[in-house]
A.B. asks: 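For reference, the structure I am asking about is given below.
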Amino acid sequence: HYHLFLADYSQNNVTFYNLTHGDWDVTDIVGNNVDSIFYLSTELNASPVERYLYAVSRTINNNQGTSLISPSKSAYYSASFSDNGNYYVLYYEGPHIPQSFLYSVN
């Protein structure tokens, strides 16, 4: 499975920390800001044909991605973030009529 890790380069040593984990894949990193990394994954249903948008904290904690979508049915999403990572366009790409939505991260 593909997941996100944080590398800590302190004390002349490299330590890796899981930012995501589970029986699913991170399929794309679509944005970031000071606090979070935003990614698309198969996390919700562990389905290879579905994609949902999540955010995970950049800090070394017991991280778990937070969904930025409240899906009610199977769907495929993508996203495009602003340069500062505070705004994004969410693209619903199917299986029904494609749509786009503009959101603020906060």
Side-chain angles (χ1 to χ4, degrees):
H1 295 286
Y2 295 100
H3 287 284
L4 301 178
F5 290 83
L6 180 65
D8 180 6
Y9 290 95
S10 61
Q11 304 173 359
N12 295 326
N13 195 9
V14 178
T15 305
F16 293 96
Y17 299 93
N18 286 59
L19 294 180
T20 62
H21 55 86
D23 292 332
W24 44 270
D25 293 315
V26 171
T27 59
D28 198 3
I29 298 170
V30 293
N32 67 86
N33 64 21
V34 175
D35 300 318
S36 302
I37 298 171
F38 305 99
Y39 63 94
L40 296 171
S41 81
T42 61
E43 187 169 345
L44 181 66
N45 296 318
S47 168
V49 296
E50 296 177 30
R51 298 291 184 279
Y52 297 96
L53 180 62
Y54 293 85
V56 68
S57 172
R58 289 175 167 265
T59 60
I60 302 168
N61 291 328
N62 184 12
N63 283 315
Q64 182 174 347
T66 302
S67 178
L68 300 180
I69 303 169
S70 297
S72 59
K73 297 180 182 175
S74 297
Y76 190 101
Y77 290 90
S78 63
S80 179
F81 278 75
S82 63
D83 289 341
N84 66 7
N86 291 327
Y87 299 94
Y88 63 98
V89 176
L90 181 66
Y91 301 99
Y92 169 79
E93 298 184 16
H96 302 290
I97 298 170
Q99 300 176 43
S100 301
F101 308 93
L102 177 62
Y103 291 102
S104 170
V105 170
N106 297 327

A.B. asks: At what distance, to the nearest 0.5 angstrom, does OG of Ser41 lie from OH of Tyr52?
C.D. replies: 10.0 Å
A.B. asks: Between Phe38 and Tyr87, is there a shared hydrophobic cluster once you connect ILVMFWY residues whose side-chain heavy atoms come closer than 4.5 Å?
C.D. replies: no
A.B. asks: Checking Ser10 against Asp8: is there a side-chain donor and acceptor pair closer than 3.5 Å?
C.D. replies: yes
A.B. asks: Look up atom CD1 in Ile29 and atom OG1 in Thr27, then write down how far apart they are to the nearest 0.5 Å.
C.D. replies: 10.0 Å
A.B. asks: Is the side chain of Arg58 donor-acceptor paired with the backbone N or O of Asn33 at a distance under 3.5 Å, no angle test?
C.D. replies: yes
A.B. asks: Can you tell me how far the CD1 atom of Ile37 sits from the CG atom of Leu19, to the nearest 0.5 Å?
C.D. replies: 5.5 Å
A.B. asks: Any side-chain heavy atom of Phe5 within less than 4.5 Å of one from Asn18?
C.D. replies: yes
A.B. asks: Glu50 and Ser74: which non-hydrogen atoms are nearest, and at how many Å?
C.D. replies: OE2-OG, 2.9 Å
A.B. asks: Go through it in stages, so that I can follow the logic: the residues are Tyr54 and Thr20, the test is side-chain contact (heavy atoms from CB on, under 4.5 Å), and I'd like the CA-CA distance, side-chain angles, deciding distance and then a yes or no.
C.D. replies: CA-CA 10 Å; Tyr54 293 85; Thr20 62; over 6 Å; no
A.B. asks: Rounded to the nearest 0.5 Å, how far apart are CH2 of Trp24 and OH of Tyr2?
C.D. replies: 14.5 Å
A.B. asks: Give a yes or no on whether the backbone of His3 and the side-chain of His21 come within a donor-acceptor separation of less than 3.5 Å.
C.D. replies: no
A.B. asks: I'd like to know if Tyr91 and Tyr39 are part of one continuous hydrophobic network [Ile/Leu/Val/Met/Phe/Trp/Tyr, side-chain heavy atoms within less than 4.5 Å].
C.D. replies: no
A.B. asks: Answer with yes or no whether the hydrophobic clustering places Phe81 together with Val26; edges join I, L, V, M, F, W, Y residues whose side-chain heavy atoms lie under 4.5 Å apart.
C.D. replies: yes
A.B. asks: Mind checking the OH-CG spacing from Tyr76 to Leu40? Nearest 0.5 Å is all I need.
C.D. replies: 7.5 Å
A.B. asks: Does any non-hydrogen side-chain atom of Val30 lie less than 4.5 Å from one of Tyr88?
C.D. replies: no
A.B. asks: Could you pull out all donor-acceptor pairs under 3.5 Å where a side-chain atom in residues 92-106 meets a protein atom, sequence neighbours excluded?
C.D. replies:
| from | atom 1 | to | atom 2 | distance (Å) |
| --- | --- | --- | --- | --- |
| Tyr92 | OH | Gly94 | O | 3.3 |
| Tyr92 | OH | His96 | N | 3.0 |
| Glu93 | OE2 | Ser78 | OG | 2.3 |
| Ser104 | OG | Asn106 | N | 3.4 |

A.B. asks: Name the residue from Asp25, Asp28, Thr42 that meets the side chain to side chain contact (heavy atoms under 4.5 Å, CB included) definition with Arg51.
C.D. replies: Thr42
